[in-house]
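What follows is a set of notes on a single structure, which appears directly below.
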Amino acid sequence: MSRLQRDFFTRDVLEVAPDLLGKILVRKFDDNSIKKYLITEVEAYRGHEDLACHASKGRTPRTEIMFHEGGHVYVYLIYGMYWMLNFVTDLKDTPQAVLIRGIEGFDGPGKLTKNLLIDKSFYGEDLISSNRLWIENSQISKDFKIKTTPRIGIDYAGDIYKNKLWRFITEKN
DNA sequence: TCAGTGATTAGG
DNA sequence: CTAATCACTGAG
């Protein structure tokens with residue numbers, strides 16, 4: 001097993017997002033126990049022109065991290081209750097991120113952060129150097145197909161972007 | 001179907 | 001300061 005390095009994340013989000021499927025999300029807890037989860041569902045949010053992307057409204061304290069180099073973590077609270085886990089992609093000044101919507105065992109972006117104890121303290125974490133959260137290559141055979149659908153919960157994004165097939169889900173062969 | 005919940009943001 | 005907006009979930 002090897003940790004994914006910077007070059008994996010500094011590509012366009014539409015390449016990184018489907019590539020994350022089947023990879024392993026690794027979480028080391030405060031008691032030093034380690035758990036690993038297969039990534040099963042993601043969504044891509046792509047730059048200032050994508051009206052569903054938080055960064056499309058410009059740089060704010062919340063979206064700041066998306067303007068940094070790929071490999072960093074973007075975490076924010078939604079509906080007053082749920083932390084959303086995202087990975088920043090592509091180069092500096094190209095605000096893009098992948099939302100992790102599902103992992104094996106916990107389907108749903110709010111459920112997985114609750115179970116992995118991920119909150120705002122992970123904002124800005126670097127997946128390349130962090131000692132509590134990173135991604136590893138899977139040695140499991142890639143026995144799945146990738147299904148694409150429109151993204152969830154972004155009706156406000158306008159016809160063009162809300163219909164983009166930027167949600168990627170693993171499906172058994 | 002629909003309420004709960006609070007950070008974030010733009011606008012006075 | 002105020003009010004609107006939300007990459008959701010679970011109960012009924």
Side-chain angles (χ1 to χ4, degrees), chain A residues 4 8-25 27 35 37-90 93-127 130 133-135 146-171:
Chain A
L4 296 185
F8 178 88
F9 298 99
T10 51
R11 296 177 293 148
D12 191 280
V13 69
L14 295 179
E15 292 182 38
V16 177
D19 248 17
L20 277 170
L21 296 177
K23 297 286 192 293
I24 306 295
L25 177 64
R27 170 80 168 100
K35 287 196 176 149
Y37 309 87
L38 198 66
I39 297 173
T40 58
E41 181 179 345
V42 300
E43 279 179 5
Y45 289 86
R46 189 167 186 271
H48 63 274
E49 77 277 8
D50 175 8
L51 298 180
C53 182
H54 291 161
S56 67
K57 298 193 193 84
R59 198 189 278 235
T60 69
R62 186 177 64 156
T63 61
E64 170 68 24
I65 196 67
M66 277 202 272
F67 290 81
H68 290 224
E69 192 175 37
H72 294 270
V73 175
Y74 171 40
V75 174
Y76 68 93
L77 189 71
I78 191 67
Y79 303 124
M81 286 179 225
Y82 302 103
W83 296 103
M84 299 286 106
L85 174 63
N86 302 249
F87 303 146
V88 176
T89 70
D90 214 331
D93 296 322
T94 54
Q96 305 182 346
V98 180
L99 168 67
I100 307 303
R101 289 193 62 90
I103 55 180
E104 200 167 53
F106 303 114
D107 226 22
K111 283 192 234 174
L112 79 87
T113 52
K114 185 180 169 192
N115 281 279
L116 300 204
L117 304 180
I118 286 170
D119 60 18
K120 182 149 190 149
S121 74
F122 282 81
Y123 183 95
E125 193 96 356
D126 186 0
L127 293 170
S130 173
L133 188 69
W134 64 91
I135 313 295
I146 295 177
K147 179 184 173 186
T148 59
T149 80
R151 293 170 290 176
I152 304 296
I154 53 151
D155 285 347
Y156 61 88
D159 287 342
I160 295 177
Y161 282 97
K162 84 177 178 196
N163 292 320
K164 294 277 188 193
L165 300 176
W166 287 354
R167 179 176 177 227
F168 304 91
I169 312 170
T170 58
E171 224 178 29

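By convention in this document, chain letters (A, B, ...) are assigned in the order of the sequence lines, proteins followed by strands, and residues within each chain are numbered from 1. From a predicted model like this one, the values you see are computed outputs, not experimental measurements.
Remark: A/Y45, A/A52, A/H54 in residues 45-65 of chain A come within less than 4.0 Å of DNA chain C through at least one heavy atom. Using a 4.0 Å cutoff on non-hydrogen atoms, the parts of residues 107-116 of chain A near DNA chain C are A/G108, A/P109, A/G110, A/K111, ordered by number. Looking at residues 10-20 of chain A, you'll see that no heavy atom sits under 4.0 Å from any atom of DNA chain B. If you check residues 151-162 of chain A against DNA chain B, you find no residue with a heavy atom closer than 4.0 Å. Listed by residue number, A/L77, A/Y79, A/G80 are the residues of residues 69-80 of chain A with a heavy-atom contact under 4.0 Å to DNA chain B.
Remark: A/R151 qualifies as a cation-pi partner of A/Y45 under the 6.0 Å distance and 45° angle criteria applied to the six-membered ring.
Side-chain atoms of A/V16 and A/F87, non-hydrogen and from C-beta on, never get closer than 4.5 Å to each other. You'll find the side chain of A/K120 stays beyond 4.5 Å of the side chain of A/L77, heavy atoms only. Counting only heavy atoms from C-beta outward, the side chains of A/V88 and A/F9 never approach each other to under 4.5 Å.
Chain A approaches DNA chain C over the interval C/dC6 to C/dG10, counting the first and last nucleotide 5' to 3' with an atom under 4.0 Å from its heavy atoms. Once you apply a 4.0 Å limit to the heavy atoms of chain A, the touched nucleotides of DNA chain B run 5' to 3' over B/dG4 to B/dT9.
Partners of A/D19 under the salt bridge (Lys or Arg N to Asp or Glu O under 4.0 Å) rule, at least two apart in sequence or in another chain, are A/R11. Looking at residues two or more places apart in sequence or on another chain, you find no side chain to side chain donor-acceptor pair (under 3.5 Å) involving A/R62.
From A/D90, atom CG reaches atom CG of A/D12 across 5.5 Å, with rounding to the nearest 0.5 Å. Note that the CD1 atom of A/I100 and the NZ atom of A/K23 stand 12.0 Å from one another [nearest 0.5 Å]. Annotation: the span from A/E43 atom CD to A/K164 atom NZ amounts to 15.0 Å, rounded to 0.5 Å. Put simply, CD on A/E171 and OG1 on A/T148 are 10.0 Å apart, with the number rounded to the nearest 0.5 Å. Note that CG of A/L51 is 13.5 Å distant from CZ of A/R46, once rounded to the nearest 0.5 Å.
Nearest heavy-atom pair across A/P95 and A/C53 is O-SG, 4.1 Å. For the residue pair A/L127 and A/W134, the shortest heavy atom distance occurs at O-CB, 3.4 Å. Nearest heavy-atom pair, A/A97 versus A/N86, reported as atom, atom and distance to 0.1 Å: CB-CB, 4.2 Å. Shortest non-hydrogen contact noted between A/I65 and A/Y123 is N-OH, 3.2 Å. Taking both residues in full, the closest heavy atoms of A/V73 and A/V75 are given as CG1-CG2, 3.5 Å, listed atom of the first, atom of the second, then distance. Listed here is the closest heavy atom pair of A/L25 and A/L85: CD2-CD2, 4.4 Å.
Just one of A/L20, A/T170, A/L21 meets the side chain to side chain contact (heavy atoms under 4.5 Å, CB included) condition when paired with A/T40; it is A/T170. Partner A/S121 forms a side chain to side chain contact (heavy atoms under 4.5 Å, CB included) with one of A/I118, A/D119, A/L117 and no other, that one being A/D119.
Counting any heavy atom pair closer than 4.0 Å across all strands shown, A/M84 reaches sugar-phosphate atoms only and no base atom.
Evaluation of the ring pair (Phe, Tyr, Trp, His ring centres under 6.0 Å) test over residues 57-76 of chain A, restricted to residues two or more places apart or in two chains, returns A/H54-A/Y76, A/Y74-A/Y76.
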Can you list, pair by pair, the side-chain donor-acceptor contacts under 3.5 Å of residues 102-116 of chain A, counting residues two or more places apart and other chains?
residue: A/K111; atom: NZ; partner: A/D107; partner atom: O; Å: 3.3
residue: A/T113; atom: OG1; partner: A/W83; partner atom: O; Å: 2.7
residue: A/T113; atom: OG1; partner: A/P109; partner atom: O; Å: 3.4
residue: A/T113; atom: OG1; partner: A/G110; partner atom: O; Å: 3.1
residue: A/N115; atom: ND2; partner: A/K111; partner atom: O; Å: 2.9

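Counting only Watson-Crick and G-U wobble pairs whose two distances sit under 3.5 Å, DNA chain C takes part in these stems of three or more pairs: B:1-4 with C:8-11, B:6-11 with C:1-6.
With hydrogens and angles disregarded, a donor-acceptor distance shorter than 3.5 Å links the side chain of A/Q96 to the backbone of A/V13.
Syn is the conformation of C/dA7, whose glycosidic angle sits no further than 90° from 0.
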